[in-house]
Amino acid sequence: MKTFTTRETIQQYLQQTRASDKTIGFVPTMGALHQGHLSLIEQARQINDEIVCSIFVNPSQFNDPKDLEKYPRTIEEDIKILEQSECDVLFNPAVSEIYDDNEHWHLNIGELEYLLEGKFRPGHYQGVTQVVYKLFNIVKPDVAFFGQKDYQQFLIIHKMVEELNIPVKLVMCPIRREADGLAMSSRNIHLTVEDRQHALILSKTLNWVKNNFTDSRILQLKKDAELAISREPGVELEYFEIADSDTLHPADKNTQNIVALAAAKVGNTRLIDNVVLVNGR
């Protein structure tokens with residue numbers, strides 16, 4: 001695996017890759033890698049010649065400085081994991097390599113920016129689009145791979161790609177789960193043994209909603225799910241929504257594509273999860 005820390009060196013290398021008519025698959029991450037990330041690399045490997053993974057803890061998407069400070073950084077372990085996964089290229093830049101001083105960014109993402117995650121993390125998606133736009137410009141991938149766990153993030157990056165006419169195909173990869181159902185996340189490292197048990201209420205409730213879903217019971221299912229999660233000790237529900245898969249507006253019986261999304265604080269750790277309920281595509 002080749003490792004680059006500057007824009008200039010990785011761009012020079014990838015220029016040669018493109019000159020050889022090789023396709024580039026890109027997996028952007030913030031590190032603290034787990035099997036969920038590796039599943040993105042596996043999927044990238046199936047349809048691309050060269051796989052690039054970036055590790056960059058992006059300061060502009062954290063609205064809480066404490067959250068940025070405690071975000072897990074495990075670069076040495078991450079490098080070993082990437083080497084074992086047969087990743088071709090790691091891009092691991094410093095903040096100064098990505099951002100200039102006093103840089104300004106604002107992209108009109110529309111109402112998606114303010115719903116669900118956006119409501120609880122104001123400014124978060126401006127930071128996400130800012131860094132992904134920069135990474136896309138540096139790597140210029142043919143295909144970029146993102147996890148379904150950050151469902152709203154995928155919708156927003158998709159909108160950015162359309163708005164700015166970026167020539168990249170986006171692929172959303174299924175959520176990888178632990179054996180007990182917990183969605184894999186870099187943040188899971190912060191869960192205590194007790195927290196981890198309580199955290200299972202998210203995936204259990206989402207599965208229960210999926211198994212009991214009918215479009216005539218959406219409001220009741222939402223209420224029952226909110227109650228189940230709120231009753232779990234040590235869990236503070238932020239939202240549970242049964243929504244249109246494209247707009248994230250609340251779903252109704254006429255909605256063709258439906259996803260259920262949840263966010264909660266478990267102990268001191270904020271977790272998100274989702275499950276597709278209806279896919280009419």
Side-chain angles (χ1 to χ4, degrees), residues 26-30 36-37 40 54 56-65 67-68 71 93 95 98-100 102-175 183 185-187 238-252 255-264 270-277 279 281:
F26 181 41
V27 179
T29 82
M30 294 208 300
H37 295 113
L40 306 186
S54 64
F56 179 67
V57 180
N58 175 38
S60 73
Q61 71 188 66
F62 288 85
N63 50 332
D64 180 353
D67 200 20
L68 171 61
Y71 195 87
V95 172
I98 298 295
Y99 291 112
D100 298 321
N102 303 316
E103 209 172 304
H104 179 72
W105 167 272
H106 183 81
L107 180 69
N108 183 6
I109 312 164
E111 62 182 353
L112 261 180
E113 181 181 355
Y114 306 106
L115 301 171
L116 303 181
E117 283 299 287
K119 184 177 173 185
F120 285 88
R121 304 180 73 185
H124 171 68
Y125 286 123
Q126 288 299 328
V128 168
T129 52
Q130 183 179 23
V131 77
V132 173
Y133 178 71
K134 283 173 173 288
L135 290 169
F136 281 174
N137 271 342
I138 294 166
V139 176
K140 293 183 170 55
D142 296 282
V143 191
F145 298 80
F146 296 87
Q148 181 189 320
K149 189 173 73 67
D150 292 291
Y151 189 93
Q152 186 171 358
Q153 173 179 279
F154 185 86
L155 293 184
I156 280 173
I157 292 169
H158 194 275
K159 185 169 177 61
M160 177 187 77
V161 164
E162 283 185 340
E163 290 285 320
L164 302 179
N165 295 312
I166 303 170
V168 61
K169 179 185 175 186
L170 301 180
V171 174
M172 182 164 68
C173 304
I175 295 173
S185 168
S186 300
R187 294 172 185 269
E238 289 189 350
Y239 63 79
F240 188 98
E241 190 61 76
I242 298 175
D244 181 298
S245 299
D246 300 314
T247 66
L248 298 188
H249 288 166
D252 59 34
T255 309
Q256 291 194 322
N257 303 297
I258 303 176
V259 61
L261 309 104
R270 188 176 186 277
L271 300 177
I272 59 174
D273 200 350
N274 66 78
V275 66
V276 174
L277 300 177
N279 190 352
R281 290 184 178 87

Working note: Leu261 + Asp273, criterion side-chain contact (heavy atoms from CB on, under 4.5 Å); need CA distance, chi angles, decisive distance, verdict. CA-CA 6 Å; Leu261 309 104; Asp273 200 350; over 6 Å; no
Taking it one step at a time, do Phe145 and Leu170 satisfy side-chain contact (heavy atoms from CB on, under 4.5 Å)? CA-CA 6 Å; Phe145 298 80; Leu170 301 180; over 6 Å; no
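The side-chain heavy atoms of Ile272 and Glu117, taken from C-beta on, include a pair separated by under 4.5 Å. Taking the side chain as every heavy atom from C-beta outward, His124 and Asp64 never approach each other to under 4.5 Å. Lys140 has its side chain out of reach of Pro167: every pair of non-hydrogen atoms, C-beta onward, lies at least 4.5 Å apart. Residues Tyr125 and Tyr114 are not in side-chain contact: their nearest non-hydrogen atoms beyond the backbone lie 4.5 Å or more apart. Side-chain atoms of Val132 and Met160, non-hydrogen and from C-beta on, do get closer than 4.5 Å to each other. Annotation: side chain of Ile156 is not in contact with side chain of Val128 (no heavy-atom distance under 4.5 Å). Under the 4.5 Å side-chain criterion, counting only non-hydrogen atoms from C-beta, Pro28 is not in contact with Phe56. The closest side-chain heavy-atom distance from Tyr133 to Ile166 is below 4.5 Å.
Between Phe120 and Tyr239, the ring-plane angle classifies as tilted under the 30° and 60° cut-offs.
Leu155 and Ser245 make their closest contact through CD1-O, 3.5 Å (heavy atoms, listed as atom of the first residue, atom of the second, distance). Heavy-atom minimum distance, Ala183 versus Lys149: CB-CD, 3.9 Å. Scanning both residues, Val259 and Val275, for their nearest heavy atoms gives CG2-O, 3.4 Å. The heavy-atom pair separating Glu113 from Gln126 by the smallest distance is OE1-NE2, 3.0 Å.
For the 3.5 Å distance criterion, the side chains of His249 and Glu111 qualify, holding a donor opposite an acceptor. Using modelled atom types and a 3.5 Å distance limit, the side chains of Glu163 and Asn108 yield no donor-acceptor pair. At a cut-off of 3.5 Å, with distance as the only test, a side-chain donor of Trp105 or Thr129 sits close to an acceptor on the other residue. Looking only at atom types and distance, the side chain of Tyr99 has a donor-acceptor partner in the side chain of Asn58 under 3.5 Å away.
Few gaps surround CG on Asp100; more than 12 heavy atoms of other groups in view lie less than 6.0 Å from it.
Under the 3.5 Å distance criterion, the side-chain polar atoms of Thr255 are left unmatched by any main-chain donor or acceptor of Asn257. Checked by atom type and distance alone, the side chain of Lys119 never pairs as donor or acceptor with a backbone atom of Leu116 at under 3.5 Å. Checking side-chain atoms of Asn274 against main-chain N and O of Gln148 turns up a donor-acceptor pair under 3.5 Å. Side chain of Asp150 to backbone of Gln153: no donor-acceptor contact under 3.5 angstrom is found. Distance alone, capped at 3.5 Å, is enough to place a donor-acceptor pair between the Gln152 side chain and the Leu115 backbone.
Using a cutoff of 4.0 Å between basic side-chain nitrogens and carboxylate oxygens, Glu103 and Lys134 are scored as salt-bridged.
Annotation: Phe62 is in aromatic contact with Tyr71 [ring centroid separation under 6.0 Å].
For the side-chain contact (heavy atoms from CB on, under 4.5 Å) with Phe26, the qualifying choice from Val168, Leu135, Asp142, Val143 is Leu135, the only one to do so.
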